Amino acid sequence: MTSRAPTPSQLPHCREAAPAMLSLGLDSSTQSCSAIVIDTETQTIVAETSVNFGQRLPHYNAPSGFIPDGAAGEVHADPRMWLDALELLFEELKDQCELAKIAAISGAGQQHGSVYLNDQWLNAIDTLDASESLSAQIQPCLARRTAPIWMDTSTGAECREIAAALGGDEVVCAKSGSIPIERFTGPQIRRFYKNDPAGYAQTAHIHLVSSFLCSVLCGADAPIDTGDGAGMNLLNIHTWDWDPELLAATAPELGKRLPDAAPGNTTAGQISEYFVEKYGFAQGTPITLFTGDNPSSLVGMGASRPGKVVLSLGTSDTFFAAMPGVVADPQGCGHVFGNPAGGSMSLQCFVNGSLAREAVKDKFNYDWDQFTAAFNKTPVANDDQVMLPFFRPEISPRIDLAAPILKGSEAFENWQDADAAIRACVEGQFINMKLRSDWMQLQPEVIYLTGGASQNDAIAQVVADIFQAKVQRLAVSSSVALGAALRAASHTLGLNLHQLESQFCQPEAGSTIEPQAAIDSYQTATANFSALLAKS
Ligand code: XUL
């Protein structure tokens with residue numbers, strides 16, 4: 001007997017009966033685990049909550065999300081803390097919205113962190129008992145008690161060894177999108193293998209924070225997506241698959257310990273019975289691969305298509321953007337990751353962000369209002385006086401300075417002109433950023449500013465003038481979790497991602513700043529900056 005699907009008109013009360021199109025995005029970051037639930041029909045955020053690791057789980061002794069005082073640059077966290085936080089989060093979320101109505105789920109994790117699991121892992125996540133905690137049931141699977149995270153700088157020797165095995169930093173960069181970087185997962189795995197060969201031998205599976213949590217939710221081993229996977233120095237950015245040479249240079253038989261690599265818009269599986277029984281999720285809810293926090297934020301800021309740049313102005317500044325092609329930074333300072341919406345994205349970190357802005361302000365005992373007023377008292381491009389605004393060793397470009405270098409009038413060079421010094425610091429930061437991001441071959445139409453300093457109009461104006469692009473601040477607060485919810489909605493519910501971005505990622509009213517300076521205003525200052533850098 002054949003049955004025919006009813007047409008919509010045959011379905012009584014079809015519209016009223018349609019379930020809400022809810023999508024859940026998770027964000028397991030350094031300090032907290034957060035969730036956002038969006039309703040794609042009403043285009044609203046229906047629930048939002050966050051669990052701070054240090055405050056809510058003080059017994060892990062990680063007040064800022066990591067175990068303090070690690071030896072030799074080690075910075076680790078306890079994966080059980082991430083699991084406990086996930087459970088607290090679901091407890092809170094189920095009071096805010098009916099979890100059974102969630103039709104799509106995805107998430108993101110802090111990048112680079114790695115979890116080492118033994119051969120009990122697959123069985124454990126497949127047979128979780130809802131009357132016990134996740135952390136108690138997964139603890140016996142940990143082949144390494146703690147997980148190194150992105151703040152770990154202990155792997156300098158391993159970076160050099162991997163580069164030497166491949167034929168130099170440039171070779172690793174051309175293949176993986178980054179030179180060997182201390183915090184990246186490959187060098188971290190190599191250090192574990194060297195320091196604890198028995199622990200490495202016990203390790204049957206290695207996951208990133210993102211794929212670890214995704215696997216727990218699915219009750220099965222989830223692939224690593226190309227966004228987070230490219231932060232490992234193991235993924236080839238031309239094939240988007242594990243690179244045999246990089247694997248071999250990192251640790252023996254590494255390939256068999258890694259899950260598959262897959263594009264972000266892949267279904268990892270369905271939510272496991274544990275979460276259905278314990279928190280009331282609907283059976284069979286599909287889960288889209290998790291990704292890294294930065295790739296997720298690219299989507300959550302509404303910038304998953306080339307032409308838009310995200311500039312996060314924090315302690316350090318981060319520049320990221322969808323890229324039109326796949327190119328690696330020839331200077332080896334930037335990173336290429338997979339774009340979870342397809343294609344690739346760039347990311348570049350600048351150590352001297354708010355750190356430098358604050359240092360120059362403090363040097364003159366200014367408050368932030370005086371700092372901002374300095375821009376009205378000085379001309380655009382500062383009469384071509386420039387500063388290398390590096391109060392600490394910088395990584396973009398790599399330069400080992402402990403104090404800025406100034407070039408201009410005698411008073412300026414002697415730090416006697418406070419207003420010019422403040423303008424020079426900020427202009428120097430963004431001239432540098434423009435020079436360092438040339439390799440990405442971008443033509444930004446709009447720059448989305450986020451982070452603490454993004455609210456400062458004077459800084460935003462300098463950004464608009466130097467990049468000759470309009471600058472906007474977005475009303476989005478948790479762009480990482482929102483990015484995950486948008487990705488899940490697009491992949492599972494078949495909605496157009498760009499349309500979702502324009503619905504959920506709106507600029508703050510009145511926040512747009514247009515370039516005011518003429519296109520060539522910064523020509524001489526940029527040449528002066530480059531010359532000063534070349535000499536330093
Ligand atoms: C990016 C990086 C951090 C982490 C934590 O390379 O290390 O941004 O993703 O947020």
Side-chain angles (χ1 to χ4, degrees), residues 26-34 50 52-53 62 64-66 73-77 82 107-115 147-155 159 173 176-188 207-213 224-235 237 264 290-301 303 310-321 323 328-329 332-340 344-351 353-355 394-396 436-437 440 450-452 478-484:
L26 298 166
D27 167 20
S28 183
S29 74
T30 313
Q31 305 211 18
S32 54
C33 187
S34 312
S50 185
N52 182 285
F53 301 134
S64 303
F66 55 88
E74 280 184 358
V75 183
H76 285 217
W82 299 330
Q110 52 174 309
Q111 291 198 253
H112 318 298
S114 42
V115 185
I149 66 159
W150 65 279
M151 297 164 83
D152 189 300
T153 54
S154 65
T155 63
C159 288
C173 188
S176 77
S178 306
I179 65 165
I181 302 278
E182 285 85 344
R183 68 185 188 282
F184 277 37
T185 324
Q188 291 290 342
H207 272 290
L208 293 179
V209 179
S210 58
S211 61
F212 168 66
L213 293 172
I224 288 180
D225 93 299
T226 56
D228 217 8
M232 300 172 81
N233 283 139
L234 294 173
L235 194 75
I237 56 165
F290 281 32
T291 187
D293 56 357
N294 293 299
S296 189
S297 180
L298 185 78
V299 178
M301 292 291 292
V310 180
L311 245 180
S312 166
L313 305 180
T315 310
S316 53
D317 291 341
T318 308
F319 178 112
F320 56 90
M323 284 206 293
D329 180 4
C333 299
H335 311 298
V336 180
F337 300 145
N339 176 343
S344 67
M345 67 174 282
S346 59
L347 180 135
Q348 190 132 5
C349 293
F350 299 82
V351 172
S354 289
L355 187 84
E394 180 52 66
I395 54 173
S396 299
R436 303 279 84 75
S437 54
M440 301 171 196
T450 170
S478 15
S479 62
V480 177
L482 178 61

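Remember, it's a predicted structure, so these values are computed and weren't measured experimentally. In each ligand, atom 1 is the first atom listed, and ligand 1 is the first ligand listed.
- Gln110 places a side-chain heavy atom less than 4.5 Å from the side chain of Trp150.
- Counting only heavy atoms from C-beta outward, the side chains of Gln188 and Ser154 approach each other to under 4.5 Å.
- Looking at heavy atoms from C-beta onward, Leu298 lies in side-chain contact with Met345 at the 4.5 angstrom threshold.
- Using a 4.5 Å heavy-atom threshold, the side chains of Phe184 and His335 count as touching.
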Short N or O contacts of ligand 1 with protein, under 3.5 Å, listed by atom name?
from, atom 1, to, atom 2, distance (Å)
ligand 1, 6 (O), His112, NE2, 2.7
ligand 1, 6 (O), Arg183, NE, 3.4
ligand 1, 6 (O), Arg183, NH2, 2.8
ligand 1, 7 (O), His112, NE2, 3.2
ligand 1, 7 (O), Arg183, NE, 2.8
ligand 1, 8 (O), Asn294, ND2, 3.0
ligand 1, 9 (O), Gln111, N, 3.1
ligand 1, 9 (O), Asp293, OD1, 2.7
ligand 1, 9 (O), Asp293, OD2, 3.3
ligand 1, 9 (O), Asn294, ND2, 3.3
ligand 1, 10 (O), Asp293, OD2, 2.5

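- Counting heavy atoms from C-beta on, the side chains of Leu235 and Ser176 never come closer than 4.5 Å.
- Looking only at side-chain heavy atoms (C-beta outward), Phe290 and Pro340 stay at 4.5 Å or farther from each other.
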